[in-house]
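Worksheet for the structure shown next.
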Number of protein chains: 2
Amino acid sequence: MNIGEIASRAGVSRSTVSYALSGKRAVSDATRRRILRVIAEAGYRPNASARALAEGRTRTIALVIPPAGPRLTTIQLGFVASIVAAAGRHELDVLLSPSGGEHDRSFERIVAGRRVDGVILMEVRMRDPRATRLRESGLPFVAIGHTADGGTGCWVDLDYEGLVASCVHHLADLGHQTIALVNRPQEFLELGYGPARRALDGFVAAVAARGLTRIAVCCADEAMAGETCVEDLLTTHPEVTGLVTVNEAALPGMERGLRRLGRAVPGGFSVTGVVGRHWAEGFHPPLTAADVPIAAMADRAVELLAERISAPGAPAGHVLLSPPISLRASTAPPARR
Amino acid sequence: MNIGEIASRAGVSRSTVSYALSGKRAVSDATRRRILRVIAEAGYRPNASARALAEGRTRTIALVIPPAGPRLTTIQLGFVASIVAAAGRHELDVLLSPSGGEHDRSFERIVAGRRVDGVILMEVRMRDPRATRLRESGLPFVAIGHTADGGTGCWVDLDYEGLVASCVHHLADLGHQTIALVNRPQEFLELGYGPARRALDGFVAAVAARGLTRIAVCCADEAMAGETCVEDLLTTHPEVTGLVTVNEAALPGMERGLRRLGRAVPGGFSVTGVVGRHWAEGFHPPLTAADVPIAAMADRAVELLAERISAPGAPAGHVLLSPPISLRASTAPPARR
DNA sequence: TTGTAAGCGTTATCAG
DNA sequence: CTGATAACGCTTACAA
């Protein structure tokens, strides 16, 4: 079933059918009605490939996800789902492309083959070869996270620096003197992964501003790592009375570790940070934390990308989100020594 | 940059360039080399839309994911990643389509617009309108899970029935008399979601076969629900000495609930079931369970779909996977009363 | 071994 | 208000 078939059944030319559908040219009410009826009867829909070829755009965007290897976190998953939902609202389909290692071919296929009108890049690094490649290809893209050249490209990001600082201030206000940061994995920091970097920066600065003592550690994105991490931390530094974390996946393990050490939360130890709402609520007791606003980030990213696609010349848009800290039950003044 | 440009730079016709690339016609070594050099210099890749239009296939498959609403589980996420990876090995791209509720337009856009060569349907229900729609459209598809008409379509599934039965037998062999099943949410059962249904069937049958006493409960896909579920279960039925579960997301909560009730695992209570490896290993103590073989399922699904696409007439393939139970540390003979 | 030309199904331009 | 017709960029008979 194609447009020609519809045209002949409705007794009009193919162009009239096309215009009746797109509304880009006036069509008499009678013929439009007739055409639409035929279309409904036949269950016709324009062929996407033909349309893409003729229009020069695919009505599709690519979502480049991080390598699946180390296991994607729940946040990442929620993000993928939110992007798809947001794209749907713009009548855009989403092509998924894994990145890293052996998956370069997929990325290249999509970019060089002009399979999409734009790209959303998840988990972008400060200097990211994919961003470089996209820039040279001229394909519009928005990064989740800053790249090194903050100004040129589009991005949406969480203000990890400010958020972690807020957490530090919160603990300082409660009277804590020595606090720890449980960051994302060491490799991430070394690879210049923005959130890990800026969490550390924000931590160091805020701790200095308040005259506190700090211990910063990295931790694999896993419950078990969180457990040993907390145990190591508190055996080598028993004076630590609170921690802030940006590592949600380690949270369940941290909960176990603290319990094992006899540190009740929040009476004997305070925990806060920036993590997905689901993780915060699943913690015992519920975690006082800045909730990562996944849906909002996805919405803004798609919106930015859609603008960029329709007006490639427009100035690059940036969005830095800074959600409030939700006060739940995991922080309190430190225990008297 | 298009094929004509390459052709003129290499001093040949467009068809020769096409054939040099596809290998579907002999091309002299000299010209092929020349063409490939020009292509490399220009960084040329065939336009995917044009190719799709000419060839009548898009080299893309759709992955229809469950509604994002209730939160996707880690298994689902791993599955998405595995499908993308497997598809990449077949040089296929993956279009993501949410399903359910407001997302029907996305599905319809993809199916009716012929945007893909085939579809993988996740979390299929016994009577699934999407499967019906695909059958009538003639688009090849493979379902993850059976549909009601088991024979006609392609599917790959886990043998939940047999697997849960194996778990029951394992507990029975250890001497347990009264055991519980912690199933997926009630609504899933009511909607005729296969795994929930068949887990229950396998449980009931195996318990009967061994002359045990059973309690079957449903539980939301959440840690907190797992906690209250286990607590309710053991306060109303303290005689239960072990449980089998297919609800991985509830596992962390079940761990907490058991601890709170003073039921040490495995000394005072046994736990087993079929869940993702990651969840099994994250349990304390590590869970004796059948590990959901996500990657294998994804591989087989893509393989089946690829076959189906290239040979639409061939008989429908079915794959019923039945991974072994990994013996870890969460089951033991019941405590003497 | 290579070139010519006819599609593939739309959209968009140009006439009427 | 509507109909021819030329793109869009590629694949693939059909010729040479």
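In what follows, chains carry the letters A, B, and so on, assigned in the order in which the sequence lines appear, proteins first and then strands, with residues in each chain numbered from 1. These numbers were taken from a predicted model, which means no experiment stands behind them.
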Say whether A:Ser13 and A:Thr16, considering side chains only, have a donor N or O and an acceptor N or O under 3.5 Å apart.
yes
Using a 3.5 Å cut-off and no angle test, enumerate the donor-acceptor pairs between side-chain atoms of residues 34-48 of chain A and protein atoms at least two apart in sequence or in another chain.
unit_1  : atom_1 : unit_2  : atom_2 : d
A:Arg34 : NH1    : A:Ala10 : O      : 2.3
A:Asn47 : OD1    : A:Ser49 : N      : 2.7
A:Asn47 : OD1    : A:Ala50 : N      : 3.0

For a quick check of understanding: with a heavy-atom distance under 4.0 Å over all strands, which category does B:Gly113 fall into, base, sugar-phosphate or nothing?
nothing
Below 4.0 Å from chain B heavy atoms, what is the first contacting nucleotide of DNA chain D and what is the last?
D:dG9 to D:dC14
If you compare all heavy atoms of B:Ile144 against all heavy atoms of B:Ala301, which two are closest, and at what distance to 0.1 Å?
CD1-CB, 3.8 Å
How would you list, by chain and number, every residue that makes a ring-ring contact (aromatic ring centres under 6.0 Å, His included) with A:Tyr193, sequence neighbours excluded?
A:Phe188
Residue of the set A:Arg300, A:Glu303, A:Met297 for which side chain to side chain contact (heavy atoms under 4.5 Å, CB included) holds with A:Val319
A:Arg300
For A:Asp93, give me all partners under salt bridge (charged side-chain N to carboxylate O under 4.0 Å, His left out), at least two apart in sequence or on another chain.
B:Arg109, B:Arg115
Angle between the end axes of the helix from C:dT1-D:dA16 to C:dG16-D:dC1, five pairs per end, to the nearest 10 degrees?
40°
Distance only, no hydrogens: is a donor on one side chain within 3.5 Å (strictly under) of an acceptor on the other, for A:Ser15 and A:Ser18?
no
For a quick check of understanding: with a heavy-atom distance under 4.0 Å over all strands, which category does B:Ser15 fall into, base, sugar-phosphate or nothing?
base
Residues 9-21 of chain B vs salt bridge (charged side-chain N to carboxylate O under 4.0 Å, His left out), sequence neighbours excluded, gives B:Glu5-B:Arg9
If the condition is salt bridge (charged side-chain N to carboxylate O under 4.0 Å, His left out), which residues does B:Glu108 pass it with, not counting sequence neighbours?
B:Arg133
Ignoring hydrogens and angles, write down the donor-acceptor pairs under 3.5 Å from the side chains of residues 306-313 of chain A, residues two or more places apart or on other chains.
unit_1   : atom_1 : unit_2   : atom_2 : d
A:Arg308 : NH1    : A:Ala314 : O      : 2.9
A:Ser310 : OG     : A:Ala306 : O      : 3.2
A:Ser310 : OG     : A:Glu307 : O      : 3.1

Sequence neighbours left out, what passes side chain to side chain donor-acceptor pair (under 3.5 Å) with A:Arg32? Give chain and number order.
A:Asp29
Could you write out each protein N or O paired with an N or O of nucleotides 6-9 of chain C at a distance under 3.5 Å?
unit_1 : atom_1 : unit_2  : atom_2 : d
C:dC8  : O2     : B:Ala54 : N      : 3.4
C:dG9  : N2     : A:Ala50 : O      : 3.4

Please identify each residue that fulfils salt bridge (charged side-chain N to carboxylate O under 4.0 Å, His left out) with B:Arg127, with sequence neighbours left out.
none
Between B:Gly11 and A:Thr16, which is nearer to the 5' end of DNA chain C once each is assigned its nearest nucleotide?
B:Gly11
Looking at every heavy atom in both A:Ala86 and A:Val302, which two are closest together, and how far apart are they?
CB-CG2, 3.7 Å
Could you check which residues of residues 17-41 of chain B get a heavy atom under 4.0 Å from DNA chain C? Sort them by number, please.
B:Arg25, B:Ala26, B:Val27, B:Ser28, B:Thr31
